[in-house]
Amino acid sequence: MAQKPLKPCAHIGCRVLTREVYCPKHKPKDASRRSVAAADWHKWYALPIFKDHLRPDQLRREPYCRACALRGERRRATDVDHVIPHRGVWALFIDPNNLQSLCHSCHSRKTAAEMAAEKRGRI
């Protein structure tokens with residue numbers, strides 16, 4: 001079987017030739033930052049109750065980003081966020097009163113802040 005051709009490492013400035021995306025020096029550690037428990041409940045987002053009902057209903061009810069609105073901006077919402085992170089609690093996951101519509105950048109910012117707080121042991 002033929003081998004992949006050598007190409008430069010994808011890390012900016014690295015000129016080491018490799019058959020992978022990154023050379024061994026720059027290869028990312030574990031790509032998944034989710035815990036095993038979080039990976040289990042992350043599948044819930046693909047369930048019909050969320051994908052076909054809760055998410056579209058929330059975006060119809062609140063089509064603009066709630067966080068942007070607090071800053072006086074009007075941006076179309078693309079993501080549905082749990083106000084109180086459910087952390088695998090089914091009742092919080094399916095509670096429509098625990099959902100808010102956010103644009104992608106606001107949702108990413110909120111999620112990053114929650115993950116950082118959790119890493120520091122505050123959640």
Side-chain angles (χ1 to χ4, degrees):
M1 184 189 296
Q3 290 184 332
K4 290 182 184 178
L6 291 172
K7 58 186 177 186
C9 172
H11 184 80
I12 296 173
C14 181
R15 295 177 184 256
V16 173
L17 296 177
T18 180
R19 286 189 167 79
E20 303 299 321
V21 177
Y22 293 99
C23 69
K25 179 181 176 186
H26 295 115
K27 186 174 182 178
K29 304 292 183 234
D30 183 20
S32 174
R33 294 185 296 192
R34 287 194 177 102
S35 68
V36 175
D40 286 343
W41 53 254
H42 189 73
K43 297 172 190 169
W44 292 355
Y45 290 96
L47 293 175
I49 191 168
F50 187 81
K51 184 178 70 162
D52 299 337
H53 299 288
L54 291 170
R55 184 180 189 283
D57 290 350
Q58 175 61 32
L59 290 173
R60 267 192 296 279
R61 203 171 35 252
E62 191 176 11
Y64 296 99
C65 176
R66 190 181 290 185
C68 286
L70 293 174
R71 294 190 308 271
E73 299 173 22
R74 187 173 166 125
R75 182 180 278 174
R76 183 68 91 171
T78 55
D79 297 5
V80 173
D81 175 64
H82 288 88
V83 179
I84 301 168
H86 62 83
R87 302 284 186 258
V89 177
W90 181 252
L92 276 177
F93 182 80
I94 63 168
D95 182 3
N97 296 318
N98 189 35
L99 299 176
Q100 65 180 342
S101 299
L102 298 175
C103 67
H104 186 70
S105 62
C106 287
H107 185 258
S108 296
R109 191 177 311 110
K110 179 181 183 275
T111 302
E114 288 172 354
M115 288 175 74
E118 184 176 306
K119 191 173 182 180
R120 289 189 306 265
R122 293 189 182 167
I123 288 184

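Numbers for residues simply follow the sequence, beginning at 1.
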Enquirer: May I ask you to decide if H107's main-chain N or O and D81's side chain share a donor-acceptor pair within less than 3.5 Å?
Expert: no

Enquirer: Please round to the nearest 0.5 Å and tell me the distance separating atom SG of C103 and atom CG of D79.
Expert: 8.0 Å

Enquirer: What is the distance from atom CZ of R76 to atom OG of S101, rounded to the nearest 0.5 Å?
Expert: 10.0 Å

Enquirer: Are P8 and L17 packed together at the side-chain level, in the sense that at least one heavy-atom pair is separated by less than 4.5 angstrom?
Expert: yes

Enquirer: Compare every heavy atom of V16 with every heavy atom of C23, then report the nearest pair and how far apart it is.
Expert: CB-CG1, 3.8 Å

Enquirer: Answer yes or no: are there more than 12 heavy-atom neighbours, outside R71 itself, under 6.0 Å from its atom CZ?
Expert: yes

Enquirer: What heavy-atom pair brings I84 and L92 nearest, and what distance separates the two atoms?
Expert: CG2-CD1, 4.1 Å

Enquirer: Any side-chain donor paired with an acceptor under 3.5 Å for R55 and Q58?
Expert: no

Enquirer: Heavy atoms only: give me the nearest K7-E20 pair and the separation to one decimal.
Expert: CE-O, 3.6 Å

Enquirer: Rounded to the nearest 0.5 Å, what's the gap from CD on E114 to CD on E118? Could you check?
Expert: 8.5 Å

Enquirer: State the CD-SG distance between Q100 and C106, to the nearest 0.5 angstrom.
Expert: 9.5 Å

Enquirer: Check the angle between the aromatic planes of H82 and F93 and answer parallel, tilted or perpendicular using the 30° and 60° thresholds.
Expert: parallel

Enquirer: Find the distance between CD1 (I94) and CG (L99) and round it off to the nearest 0.5 Å.
Expert: 10.5 Å

Enquirer: Within this structure, what is the CG-CG distance for the pair L59 and L102, rounded to the nearest 0.5 Å?
Expert: 10.0 Å

Enquirer: Measure from NZ or CZ of R75 to the centre of the six-membered ring of Y64 and say whether it is under 6.0 Å with the direction within 45° of the ring axis.
Expert: no

Enquirer: Is the closest side-chain heavy-atom distance between L6 and R19 below 4.5 Å?
Expert: yes

Enquirer: Under the criterion side-chain hydrogen bond (donor to acceptor under 3.5 Å, both in side chains), which of R61, R60, H53 is the partner of D57?
Expert: R60

Enquirer: Testing the basics here: between G88 and W41, what is the closest heavy-atom pair and its distance to 0.1 Å?
Expert: CA-CD1, 3.5 Å

Enquirer: Heavy atoms, side chains only, cut-off 4.5 Å: are R66 and V83 in contact?
Expert: yes

Enquirer: Just to verify, what does L47 make a side-chain contact (heavy atoms from CB on, under 4.5 Å) with, not counting sequence neighbours?
Expert: W44, I49, W90

